[in-house]
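Start at 1 and go down the list; that is how both ligands and their atoms are numbered.
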Amino acid sequence: MAERLLLTQRPAWMALQAHAARIQKVHLRELFAADPQRGTRLTAEAAGIYLDYSKNRLTDETLQLLFALAEQCDLRGRIEAMFRGEKINITENRAVLHTALRAPREAVIVVDGQNVVPEVHAVLDAMSAFVEQIHSQQWKGFTGRPIRNIVNIGIGGSDLGPVMAYEALRFYARRDLNFRFLSNVDGTDFAETVRDLDPAETLFIVCSKTFTTLETMTNAATARQWLLAALKDPASVARHFVAVSTNAAEVTKFGIDPANMFGFWDWVGGRYSMDSAVGLATMLAIGPQRFRELLAGFHAIDEHFRTAPFSHNLPVLMGLIGLWYGCFFGAETVAVLPYEQYLKRFPAYLQQLTMESNGKRVTLSGVDVDYPTGRIYWGEPGTNGQHSFYQLIHQGTQLIPCDFIAFGQSLHPLGRHHDLLIANVFAQAEALAFGKTADEVRADGVPEWLVPHKTFPGNRPSNLLLLEKLTPFALGTLVALYEHIVFTQGVVWDINSFDQWGVELGKVLAAKITPELEAPTEPDLKHDSSTNALIRRYRRYKWSAPPP
Ligand code: G6Q
């Protein structure tokens with residue numbers, strides 16, 4: 001184990017600081033001019049992902065220093081600790097073993113003296129059997145009708161993964177089943193989700209690790225009422241609800257047959273769970289075989305992350321390059337820009353994965369950090385974003401490193417569409433890196449007063465991930481890539497990427513405020529003056545509303 005120094009006292013960190021002062025003055029134009037091979041040399045490839053990181057503001061020396069920093073932070077040892085099932089989530093005293101969810105049947109991963117891999121495969125087998133029953137229509141609704149609608153009720157990690165994967169893999173999804181994802185406690189979400197559904201043909205998956213989450217349990221209870229209003233018999237619940245959870249007692253209390261509960265374990269964090277039973281909706285959509293291909297994609301990147309030298313290791317490279325901008329260039333955000341319409345929910349998924357994991361301000365030993373940690377992830381699919389926020393990335397005052405994601409083959413090859421799409425992603429990365437100088441603008445005959453407006457400074461960094469085709473396997477590789485980027489950065493920052501205490505306070509306060517909104521007469525309010533006034537105004541609006 002490396003000596004435990006504060007990050008900013010590590011020799012590589014200090015060297016990077018001095019080095020950054022030099023690199024900040026260098027333009028990507030100069031770096032490319034100095035090395036004609038740069039565009040092929042600064043690339044890496046694994047599990048079908050080709051990463052071009054040449055358009056980043058770095059040199060070989062930068063990379064060496066970043067690798068040295070990773071070594072000094074014992075990244076190698078920490079990777080092994082995670083894969084071995086050590087309880088690296090120290091604030092919750094838990095192992096972090098999402099990698100076990102995609103381990104092959106014969107693998108052995110021991111947690112608390114027990115090999116967890118057989119359990120993982122037992123759940124996958126149970127999920128597969130259930131999916132076959134729905135697909136073959138052996139499983140029928142209470143009135144004997146086949147299931148045509150699947151509604152996943154969950155939130156956060158029990159929603160964002162399933163919905164992202166469903167959208168991403170829709171090309172492979174059964175079109176005879178209608179999938180909906182209900183998450184928000186806002187009644188509008190429930191109303192719009194079920195408005196055109198027939199209860200007799202609808203199956204709800206109540207997806208909640210704890211089975212106590214306010215939003216999910218509120219929606220599940222409303223769904224239960226909705227079903228019973230139509231089918232009248234409490235026995236119908238067992239035919240129209242299944243659960244994904246670790247809490248068998250609460251599942252049974254709800255009326256779900258425990259035989260129809262698909263379990264997972266406390267060593268799977270919510271935002272790392274889309275490849276566990278939380279993926280039941282995904283498996284229902286794409287079938288067990290393709291779900292296993294998805295898992296194989298995850299596993300391929302796991303193996304790569306665990307074994308490849310840092311210099312060729314995609315998550316390590318991307319994690320360290322991201323950290324380089326966050327810590328040494330003041331970059332506060334990262335744009336993730338998939339040029340693939342099916343990945344439209346991928347940035348939203350990554351927001352939770354990255355920001356809930358690395359939005360931390362104390363080290364593992366509880367000391368305040370004196371360097372920036374988790375950055376803001378955001379993005380939209382291209383080319384749409386080009387007609388909206390790219391302006392700021394090209395000519396604004398902030399440095400926004402971009403991750404572009406593109407595929408060599410379209411799932412819908414229509415005329416010139418795909419060439420046009422891909423020409424745009426390559427063009428954007430090129431324009432960001434090299435820009436357009438004032439002289440180049442003048443050479444176009446632009447009048448002098450307009451030149452500053454039409455000049456592109458360039459030197460705006462990006463990674464480009466190019467894959468052959470969006471398949472379940474490819475999606476698995478992409479998600480695992482970002483999971484391990486998060487891990488790499490969390491290790492260097494010396495933070496716990498696997499807890500989320502920051503979501504608790506709001507929950508506690510909301511539980512206090514709810515009865516204050518519901519009380520028939522105004523209660524004694526003891527909040528701050530702003531919160532008190534807002535509660536009073538809400539109560540006025542609420543009680544003045546006409547009855548529904
Ligand atoms: C994820 C978080 C959080 C969690 C949701 C849902 O890492 O822990 O987003 O997934 O709060 O929790 P349940 O699955 O327990 O309902």
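- Between Phe329 and Tyr325, the ring planes are perpendicular. Angles over 60° get that label, and only those under 30° would be called parallel.
- With Phe241 as the partner, the ring pair (Phe, Tyr, Trp, His ring centres under 6.0 Å) test is satisfied by one option alone out of Phe142, Phe211, Phe254, Trp226: Phe254.
- Sorted by first and then second residue, the salt bridge (Lys or Arg N to Asp or Glu O under 4.0 Å) pairs with a member in residues 360-375 read Lys360-Asp499, Arg361-Asp368; sequence neighbours excluded.
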Throw together a table of side-chain donor-acceptor distances under 3.5 angstrom for residues 173-182, partners on residues two or more places apart or in other chains.
residue : atom : partner : partner atom : Å
Arg174  : NE   : Asp176  : OD1          : 3.1
Arg174  : NH1  : His135  : ND1          : 3.3
Arg174  : NH2  : Asp176  : OD2          : 3.0
Arg175  : NH2  : Arg170  : O            : 2.7
Asn178  : ND2  : Asn149  : OD1          : 3.2
Arg180  : NH1  : Thr193  : O            : 2.7
Arg180  : NH1  : Asp196  : OD1          : 2.9
Arg180  : NH2  : Asp196  : OD1          : 3.4
Arg180  : NH2  : Asp196  : OD2          : 3.3

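- Here Tyr272 and Phe498 bring their ring centres to under 6.0 angstrom of each other.
- Within 4.0 Å of ligand 1, contacts by protein heavy atoms are made from Ile155, Gly156, Gly157, Ser158, Ser208, Lys209, Thr210, Thr213, Gly270, Arg271, Gln352, Glu356, Gln500.
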Pair up each side-chain donor or acceptor in residues 507-518 with any protein partner under 3.5 Å, not counting sequence neighbours, and list the distances.
residue : atom : partner : partner atom : Å
Thr514  : OG1  : Ala510  : O            : 2.7
Glu516  : OE1  : His527  : NE2          : 2.6
Glu516  : OE2  : His527  : NE2          : 3.4

